[in-house]
Amino acid sequence: MGFIGSGYIGSTLARLAVAAGHQVVLSNSRGPETLADAVAELGPRASAATSGEAAAAGDIIVVTVPVNAFPDLPAAPLAGKTVIDTCNYGPQRDGHIPELDSKSLTSSELLLRYLPDALLVKAFNNIFFKHLLSLARPAGTADRSYLPIAGDSAPAKAAVTEFIESIGYSVVDAGSLAHSWRQATDTPVWGTPYGPTSNEMGQPAGEDAIRTALATATR
């Protein structure tokens, strides 16, 4: 697993991935040396690199950066790779992007403009990082939570589903990248099914809850 961005979601996913037996290569915008403490905490399955090196090293790459950083992503090493897009658009942080403000594009479709040869799957953008850590459960557990994914490539969705299942979650297929607005910021499936952020442990969200939330989203 390669990580471009090592903030709250990225570092939490890396922690879950290492616990599930995956190798992880972390990167951020400040350089590998700034990730020394994170790598030491994660242990021998983790290393740090530049974003280009992390993109080249991973079989699956997690892109978890601000939307306004999309132009800086290393497109060439991501060509043909399965890329998990965890990103949410926030005009206050990212500045106003006309296509996103007008809703003529989803943020994932915008990302695809910068990574045209990547196989994008939207995932992990709808859950609070502390809930992502605390709600992971083994397969077959009655209170296992579900996460929505969206994408245009069936093989990429299958690879991401396998990864998500390995770290303690099940999956609801939310459709294509064009439909990924159903899990965007402030939609019914964004955060709410897993409980308020004030409850750091969260609450499990089953398949029916996630499907209902997706279905009731409006644009």
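Throughout, residue positions are numbered sequentially from 1 according to the sequence presented. No experiment lies behind these values; they were computed from the predicted model shown.
Grouping the Ile, Leu, Val, Met, Phe, Trp and Tyr side chains by contacts below 4.5 angstrom, directly or via other members, places I9 apart from V83. Hydrophobic clustering of Ile, Leu, Val, Met, Phe, Trp and Tyr side chains at less than 4.5 Å, counting indirect connections, keeps I84 apart from I4. Hydrophobic cluster membership differs between I61 and L16, with clusters built from Ile, Leu, Val, Met, Phe, Trp and Tyr side chains linked at under 4.5 angstrom. With hydrophobic clusters built from ILVMFWY side chains whose heavy atoms lie under 4.5 angstrom apart, V160 shares a cluster with V18. Cluster annotation: L111 is not connected to V62 through the hydrophobic network of ILVMFWY side chains, with a link wherever side-chain heavy atoms come within less than 4.5 Å.
A 4.5 Å side-chain heavy-atom check between F163 and T82 finds every atom pair outside the cut-off. The shortest side-chain heavy-atom distance between F70 and L115 does not fall under the 4.5 Å cut-off. By the 4.5 Å heavy-atom criterion applied to side chains, L13 and T64 are not counted as neighbours. Contact check for L73 versus Y114: no side-chain heavy atoms found under the 4.5 Å cut-off. Side-chain contact check for D143 versus R137: some heavy-atom pair is nearer than 4.5 Å. Residues Y194 and I210 have side chains in contact (heavy-atom distance under 4.5 Å, counting atoms from C-beta outward). Taking 4.5 Å as the limit, every side-chain heavy atom of N125 sits out of range of all side-chain heavy atoms of D85. Within the 4.5 Å cutoff, no side-chain heavy atoms of T12 are placed close to those of R15.
The structure places CD1 of I127 at 12.5 Å from OG1 of T197, a figure rounded to the nearest 0.5 Å. To the nearest 0.5 Å, atoms CD1 (I60) and CZ (F3) are separated by 9.5 Å. Rounding to the nearest 0.5 angstrom, the gap separating the CG atom in N126 from the CG atom in L147 is 6.0 Å. Note that OG1 of T34 is 3.5 Å distant from CG of N28, once rounded to the nearest 0.5 Å. For the atom pair CD of Q183 and CG of L214, the computed distance is 6.5 Å after rounding to the nearest 0.5 Å. Here CH2 of W181 is found 11.0 Å from OG1 of T106. Values are rounded to the nearest 0.5 Å.
Checking side-chain atoms of K122 against main-chain N and O of C87 turns up a donor-acceptor pair under 3.5 Å. With hydrogens and angles disregarded, no donor-acceptor distance shorter than 3.5 Å links the side chain of R93 to the backbone of P66. H22 contributes no side-chain N or O that, together with a main-chain N or O of R45, makes up a donor-acceptor pair within less than 3.5 Å. Listed for the S107 side chain is no donor-acceptor partner under 3.5 Å among the backbone atoms of N88. Under the 3.5 Å distance criterion, the side-chain polar atoms of S6 are matched with a main-chain donor or acceptor of S27. With hydrogens and angles disregarded, a donor-acceptor distance shorter than 3.5 Å links the side chain of K157 to the backbone of G151. The backbone N or O of A205 sits less than 3.5 Å from a side-chain atom of S145, completing a donor-acceptor pair.
The minimum heavy-atom distance linking V25 with A49 is given by the pair CG1-CB, 3.7 Å. Nearest heavy atoms, L26 versus A38: CD1-CB, 4.2 Å. The minimum heavy-atom distance linking A48 with L35 is given by the pair CB-CB, 3.9 Å. Among all heavy-atom pairs drawn from T192 and Q203, the shortest one is O-NE2, 4.1 Å. Between L132 and F124 the shortest heavy-atom distance is CD1-CD2, 3.9 Å. Among all heavy-atom pairs drawn from S47 and V39, the shortest one is C-CG2, 3.7 Å.
Within a 6.0 Å radius of CD in E162, other residues, nucleotides and ligands contribute 12 heavy atoms or fewer. R144 CZ: more than 12 foreign heavy atoms inside a 6.0 Å radius. Under a cut-off of 6.0 angstrom, the local environment of CG in D59 is sparse, with at most 12 non-hydrogen atoms contributed by other residues, nucleotides or ligands. The number of heavy-atom neighbours closer than 6.0 Å to CD of E41, taken from other residues, nucleotides and ligands shown, is 12 or below. Sparse packing is recorded around CG of D37, with 12 or fewer heavy atoms of other residues, nucleotides or ligands lying under 6.0 Å away.
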Would D152 and S176 satisfy side chain to side chain contact (heavy atoms under 4.5 Å, CB included), going step by step from the backbone distance to the final call?
CA-CA 5 Å; D152 298 333; S176 67; 3.2 Å; yes
Dump the intermediate steps for side chain to side chain contact (heavy atoms under 4.5 Å, CB included) on L78 and D117, then the final yes or no.
CA-CA 7 Å; L78 293 174; D117 299 316; over 6 Å; no
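Legend: residues meeting ring pair (Phe, Tyr, Trp, His ring centres under 6.0 Å) with H179, ordered by chain and number and at least two apart, are absent. In this structure T212 satisfies the side chain to side chain donor-acceptor pair (under 3.5 Å) test with no other residue, sequence neighbours excluded.
Using bins of under 30°, 30° to 60° and over 60° for the plane-to-plane angle, the ring pair Y8/F129 lands in the parallel bin.
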